[in-house]
Amino acid sequence: MYQVYIRSFADSNGDGTGDINGLRSRLGYLRDLGVDALWVNPWYKSPLHDGGYDVADFRAIEPRYGTLADAEALIVEAHEHDIRVIVDLVPNHTSIEHVWFQEAMAAPPGDPARQRYHILPGKGTDGSEPPTNWVSVFGGSAWTRLDDGEWYLHLFDHTQPDMNWEHPEVREELCSILRFWLDRGADGFRIDVAHGLAKDMDYPDDDHDQKLLVSSDRPDHPFWDRDEIHPIVREWRAVLDSYDDKMMVAEAWVASDRIALYLRPDEYHQSFSFDFLATDWNAEELETSIDRSIKASGVAGRAPTWVLSNHDVVRHATRYGLPEGTDWRTWLLDGPHEILDTELGLRRARAGILLMLGLPGPVYLYQGEELGLPEVYDLPLDVLDDPVWEQSNRKQKGRDGCRVPLPWTRTGPSYGFGSGDAWLPQPELFGAISVEAQTGDPDAILELYRAALAVRRDHFASDDDIEWLDSPAGVIAYQRGSGAQCWVNVSGTDMALPADANVLVASGPLDGVLPVNHAVWLG
Ligand code: GLC
């Protein structure tokens with residue numbers, strides 16, 4: 001699965017913003033890369049306060065991205081390239097520009113139009129304190145006051161009011177939106193904030209740590225991973241099952257031991273194992289994390305869904321170049337940036353992709369990782385667009401550094417992304433690591449991805465379990481049902497390879513040994 005951050009993929013009309021027609025023009029590239037499906041980040045009508053996760057109309061395309069006809073054509077053409085398309089659905093909240101929120105704001109306190117959201121009187125004698133102490137994921141209070149004195153809940157930006165999932169109209173509307181996109185040929189959905197939705201309707205104060213990744217030893221969180229989520233998911237699944245061959249994947253930031261709940265036979269088909277993404281480059285921790293994910297999804301009879309990068313986290317080519325234990329979210333702003341070893345990060349990213357692609361279960365790639373794109377950590381503060389920057393009171397730089405538009409060519413305006421400047425500035429090094437510069441170069445990471453994706457189909461693509469192999473300390477080694485093996489050297493010394501080793505793909509030159517920070521697939 002390949003994640004397309006539409007705003008930054010390819011710009012067909014030179015306005016600096018990626019668009020659907022840009023994506024259509026690059027389907028050949030994606031087919032040749034060897035991906036089976038695309039997940040396209042939200043493309044709905046939106047003021048783009050949170051990159052489109054603030055949806056004003058779930059049935060219309062944002063004009064900066066194109067038209068509904070373009071979206072329909074994309075789905076048809078992707079299918080012609082043997083590529084499926086899943087769209088990103090955002091059920092936890094809408095934009096403040098959504099007609100429901102506009103109606104809610106125009107209505108007086110107590111009016112039914114307010115009940116589709118969480119709109120409450122405040123605390124204190126004059127109601128000037130927020131209804132609860134809940135904190136937004138982006139920082140600051142999760143409540144914003146309306147002019148008439150009531151408060152609305154937003155677990156993310158203040159432009160993203162949370163919907164009330166106890167409201168029957170909210171539930172019906174979401175099923176209808178699913179049908180709208182399935183009727184247009186979409187193959188499924190990535191469900192945003194799948195561990196959100198349900199709230200404790202008594203609105204208690206929150207005495208939990210503010211962590212997205214909740215764990216089952218802290219049950220009954222007032223707004224994360226609540227049991228009331230699951231009946232909602234079953235309604236969606238029933239809609240999907242009334243069509244042929246559709247799927248949905250959960251963005252549920254929950255502890256591994258909660259994942260199986262989302263993977264029950266009448267719920268999600270896939271749920272990301274963020275545990276693996278959050279693990280440092282450390283053999284023991286990686287093995288433990290892989291084991292934990294396999295066991296956790298195995299409870300539901302599924303394989304895990306793997307991912308190393310997405311539009312919300314520091315790109316892994318950069319994460320892996322930072323000393324173990326670095327908090328990469330705060331490192332972006334606070335540094336020190338000298339601790340980053342870019343070459344080391346890229347070497348490990350090359351090895352890491354073989355580690356991940358060899359595992360049982362679906363894998364999601366994030367656009368640009370096949371080019372080894374680093375995080376652009378030094379974007380000037382005045383170009384930052386992510387609401388995290390302001391909402392955190394400028395304490396967190398946010399996620400723009402992994403959303404910088406893709407370089408397609410060595411030179412030219414925005415390195416082939418479009419015909420003019422891109423909406424975020426690209427660093428100069430992007431030309432040298434563009435698609436054009438890497439294509440046909442056997443040493444390039446892009447060619448490593450192409451080779452690995454091709455070999456994966458024959459040797460690693462089934463969902464059977466893995467068998468851990470005996471290996472020197474610090475070397476991760478496993479075998480799959482096909483007999484193919486993956487060896488990753490996370491130790492401090494090179495490892496000798498058997499003379500008769502049949503190398504399928506290697507992350508770099510071997511010469512009889514598996515060097516430190518390299519990986520190899522053996523057949
Ligand atoms: C998800 C998205 C993220 C967005 C948030 C609010 O975590 O991946 O980009 O900001 O939800 O919709």
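Atoms within each ligand, like the ligands themselves, are counted from 1 in listed order.
Taking every heavy atom of D192 and a limit of under 4.0 angstrom, the matching atoms of ligand 1 come to 1 (C), 2 (C), 6 (C), 7 (O), 8 (O), 11 (O), 12 (O). Listed by number with element, the atoms of ligand 1 under 4.0 angstrom from any heavy atom of H311 are 2 (C), 3 (C), 8 (O), 9 (O). Heavy-atom proximity to R190, at under 4.0 Å, picks out these atoms of ligand 1: 2 (C), 8 (O). Short contacts between ligand 1 and F138, defined as distances under 4.0 Å to a heavy atom of the residue, involve ligand atoms 10 (O). Listed by atom number, the atoms of ligand 1 under 4.0 Å from H93 heavy atoms are 6 (C), 12 (O). Near R403, meaning under 4.0 Å from any of its heavy atoms, are these atoms of ligand 1: 9 (O). Atoms of ligand 1 found under 4.0 Å from any heavy atom of E251, numbered from 1 in the order shown, are 1 (C), 7 (O), 8 (O). The R399 neighbourhood of ligand 1 comprises atoms 3 (C), 4 (C), 9 (O), 10 (O), with distances under 4.0 Å to a heavy atom of that residue.
Taking the six-membered ring where the residue is Trp, F9 and Y2 present perpendicular rings, their angle passing 60° and hence far from 30°.
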(request) Quick one: do Y262 and D225 satisfy side chain to side chain donor-acceptor pair (under 3.5 Å)? Show the steps, please. (result) CA-CA 10 Å; Y262 292 78; D225 192 25; 2.5 Å; yes
(request) Show the numbers, then the answer: is there a side chain to side chain donor-acceptor pair (under 3.5 Å) between D88 and Y44? (result) CA-CA 9 Å; D88 200 328; Y44 317 103; over 6 Å; no
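In K45, the NZ atom is not crowded: 12 or fewer heavy atoms of neighbouring residues, nucleotides or ligands sit closer than 6.0 Å.
Between R7 and N41, every side-chain heavy-atom pair lies at or beyond the 4.5 Å cut-off. Counting heavy atoms from C-beta outward, E251 and N310 have side chains that stay 4.5 Å or more apart.
The closest approach between a heavy atom of H49 and any atom of ligand 1 is not below 4.0 Å. Ligand 1 is never approached by W253 to a heavy-atom distance shorter than 4.0 Å. Ligand 1 lies out of reach of H154, whose nearest heavy atom is not under 4.0 Å from it.
Between D312 and ligand 1, at least one N/O pair is under 3.5 Å apart.
Shown are T318, L379, V314; of these, the side chain to side chain contact (heavy atoms under 4.5 Å, CB included) with L332 is made only by V314.
With hydrogens left out, the protein atom closest to atom 10 (O) of ligand 1 is D50 OD2, 2.6 Å, a heavy atom.
Stacking of R184 on the aromatic ring of F180 is recorded, both the 6.0 Å distance cut-off and the 45° axial limit being met.
Of the possible polar contacts, one joining the R456 side chain to the L357 backbone as a donor-acceptor pair under 3.5 Å is found.
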